[in-house]
Amino acid sequence: MKNRKYYLNTIIIVIIILAIMFLGESYGIFLSPKTQNMETSEDEGMIVVGVSQLGYESVWRLANTKSVEDALSKENRFFTIINNARQNQENQIKDIRDFISQDVDYIVLAPVTEKGWDSVLREAKEAGIPVILMDREVEVQDSSLYATHIGSDMELEGARAGTWLEGELERRGYTEEDKVNIVILQGTPGSSAQIGRETGFYNIAAKNPNWTILEKADADFTTAKGKEEMARLLKRYEKIDVVFSENDDMTFGAIEAINEAERTVGANGDIIMISFDAGHEALVNVYNGNINVDVECNPLLGNLVAEVIKKMDAGQQVGKKYIIDEKVFTKENVEAYLSNREY
Ligand code: AHR
């Protein structure tokens, strides 16, 4: 009798264990982190990519994120996890560590600033996960810590703005004796967009001793801060001839502040407006004469990122740097680009 009860209990326990194992498998409890992120078994064989996007501070950033989502899609054989770091490097470091623990195949990093990446990138390297830098760059002691960089030449963008300004002042009849007062609305300090654009511009400014940079104001690539800082600068300096605004979003805010201060800006105004990114709304402003020049920074990097990852996945060599083509827009050439601008 005791024996029968014992066998019955054993059978019940075995059934319970089997049921737990079956449910665990179905709900992914016993699966590896990478497999847990797969939605269905159809996802197997896909390339798993963790993307640490730095934020959503600008129109540019939204277009960049969309371009990555479109290119690293399921249809294109990617399983992509995109995390948004809200302009905070700590969040990005955490993202990378999470991706390492999930054992993703590749990490795409759009770094908020250049410095402070050595340790976490070494962790990724030691885990055997290649890191692709997108958009901005990093400053690390050992460049083998990342596989490649895909983005813009920010220094060239800044130089293009400076060269355009030289020409514009000449067209307006300025001579070397005429003082030119410039204010800079800076993007996130320490980001390669800020560093590169200013380096390129300063190199041209150095050849023009009549140019004075009155102040560099941090406006963090956002419209709200662009407006706030521009309003402050207008109160502080009586004569501002040029605004060098490091992205369109800050430019929109600055234009509002200039109008509210009853000053005029753009092609027919007394303040020259230089902007970067060249999104559709900004190009309309170039066309309408509110922005004098817009130096393009192309956010549509997704296809190139996908192409490079596919090559790496096929065991092919990839370059260390991919620089995307960019243009300079003024009233003279902008009309042709208005109708088919993708962002
Ligand atoms: O790194 C690219 C820059 O970042 C873009 O100019 C800006 O709009 C964005 O926030």
Side-chain angles (χ1 to χ4, degrees), residues 51-68 82 84-89 91-92 108-115 117 132-139 146 149-161 184-201 216-227 229 243-255 273-283 285-286 291 293-302 304-305 321-329 341-343:
V51 180
S52 176
Q53 178 58 284
L54 68 90
Y56 27 29
E57 72 288 359
S58 61
V59 172
W60 189 101
R61 189 67 49 199
L62 299 180
N64 176 245
T65 304
K66 181 168 185 309
S67 140
V68 172
I82 303 186
N84 191 309
R86 301 188 309 282
Q87 298 245 66
N88 181 321
Q89 187 180 35
N91 291 342
Q92 293 204 280
V108 174
L109 169 66
V112 64
T113 47
E114 287 192 350
K115 291 193 175 149
W117 299 102
I132 292 103
L133 301 177
M134 177 184 66
D135 167 28
R136 300 180 190 170
E137 294 181 72
V138 296
E139 192 190 306
Y146 63 87
H149 169 243
I150 299 170
S152 308
D153 184 338
M154 306 287 188
E155 191 172 325
L156 179 63
E157 290 176 359
R160 283 178 169 158
I184 295 185
L185 290 177
Q186 285 189 306
T188 309
S191 66
S192 47
Q194 175 265 319
I195 296 170
R197 287 170 192 166
E198 281 174 37
T199 305
F201 185 68
K216 297 190 285 187
D218 171 14
D220 212 15
F221 285 128
T222 67
T223 300
K225 283 203 176 173
K227 183 171 181 181
E229 284 304 313
V243 179
F244 178 91
S245 167
E246 292 173 7
N247 85 344
D248 286 341
D249 300 74
M250 295 188 293
T251 302
F252 298 144
I255 292 173
M273 181 60 77
I274 296 174
S275 191
F276 291 85
D277 288 354
H280 180 263
E281 191 184 341
L283 292 191
N285 274 279
V286 173
I291 296 174
V293 64
D294 210 321
V295 179
E296 183 175 38
C297 181
N298 191 341
L300 307 179
L301 303 171
L304 195 49
V305 170
K321 206 174 233 325
Y322 292 85
I323 299 294
I324 195 147
D325 273 353
E326 294 175 334
K327 300 181 182 58
V328 175
F329 296 101
R341 197 70 177 156
E342 282 182 59
Y343 65 98

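Read the numbers this way: they start at 1 and go in the same order the structure lists the ligands and their atoms. In this chain, numbering begins with 1 at the start of the sequence shown.
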- Query: Which of the atoms of ligand 1 are close to Phe221, meaning less than 4.0 Å from one of its heavy atoms?
  - Reply: 7 (C), 10 (O)
- Query: Considering only heavy atoms of Asn247, which atoms of ligand 1 have at least one such atom less than 4.0 Å away?
  - Reply: 6 (O), 7 (C), 8 (O)
- Taking atom 2 (C) of ligand 1 as the reference point, the nearest protein heavy atom with its distance: Asp135 OD1, 3.3 Å
- Consider ligand 1: state whether an atom of it lies below 4.0 angstrom from any non-hydrogen atom of Arg197. yes
- For the side chain of Arg136 and the backbone of Ser192, is there at least one donor-acceptor N/O pair under 3.5 Å apart? no
- Query: Hey, is ligand 1 close enough to Trp60 that some N/O pair sits below 3.5 Å?
  - Reply: no
- Message: With a 6.0 Å cut-off (strictly less than), is the heavy-atom count around NZ of Lys321, excluding the residue itself, greater than 12?
- Response: yes
- Query: For atom 3 (C) of ligand 1, which candidate among Met154, Gln87, Arg136 provides the closest heavy atom?
  - Reply: Arg136
- Would you find a donor on one side and an acceptor on the other, under 3.5 Å apart, between the side chain of Asn247 and the backbone of Met250? yes
Please set out all donor-acceptor pairs under 3.5 angstrom arising from side-chain atoms of residues 184-191, sequence neighbours excluded.
{"from": "Gln186", "atom 1": "NE2", "to": "Glu198", "atom 2": "OE1", "distance (Å)": "3.2"}
{"from": "Gln186", "atom 1": "NE2", "to": "Glu198", "atom 2": "OE2", "distance (Å)": "2.8"}
{"from": "Thr188", "atom 1": "OG1", "to": "Asp220", "atom 2": "OD1", "distance (Å)": "2.9"}
{"from": "Ser191", "atom 1": "OG", "to": "Thr188", "atom 2": "O", "distance (Å)": "2.7"}
{"from": "Ser191", "atom 1": "OG", "to": "Gln194", "atom 2": "N", "distance (Å)": "3.2"}

- Task: Considering the heavy atoms of Asp277, write down every atom of ligand 1 situated less than 4.0 Å from one of them.
- Result: 5 (C), 6 (O), 7 (C), 8 (O)
- Protein heavy-atom partner closest to atom 10 (O) of ligand 1 - residue, atom, separation in Å: Glu57 OE2, 2.4 Å
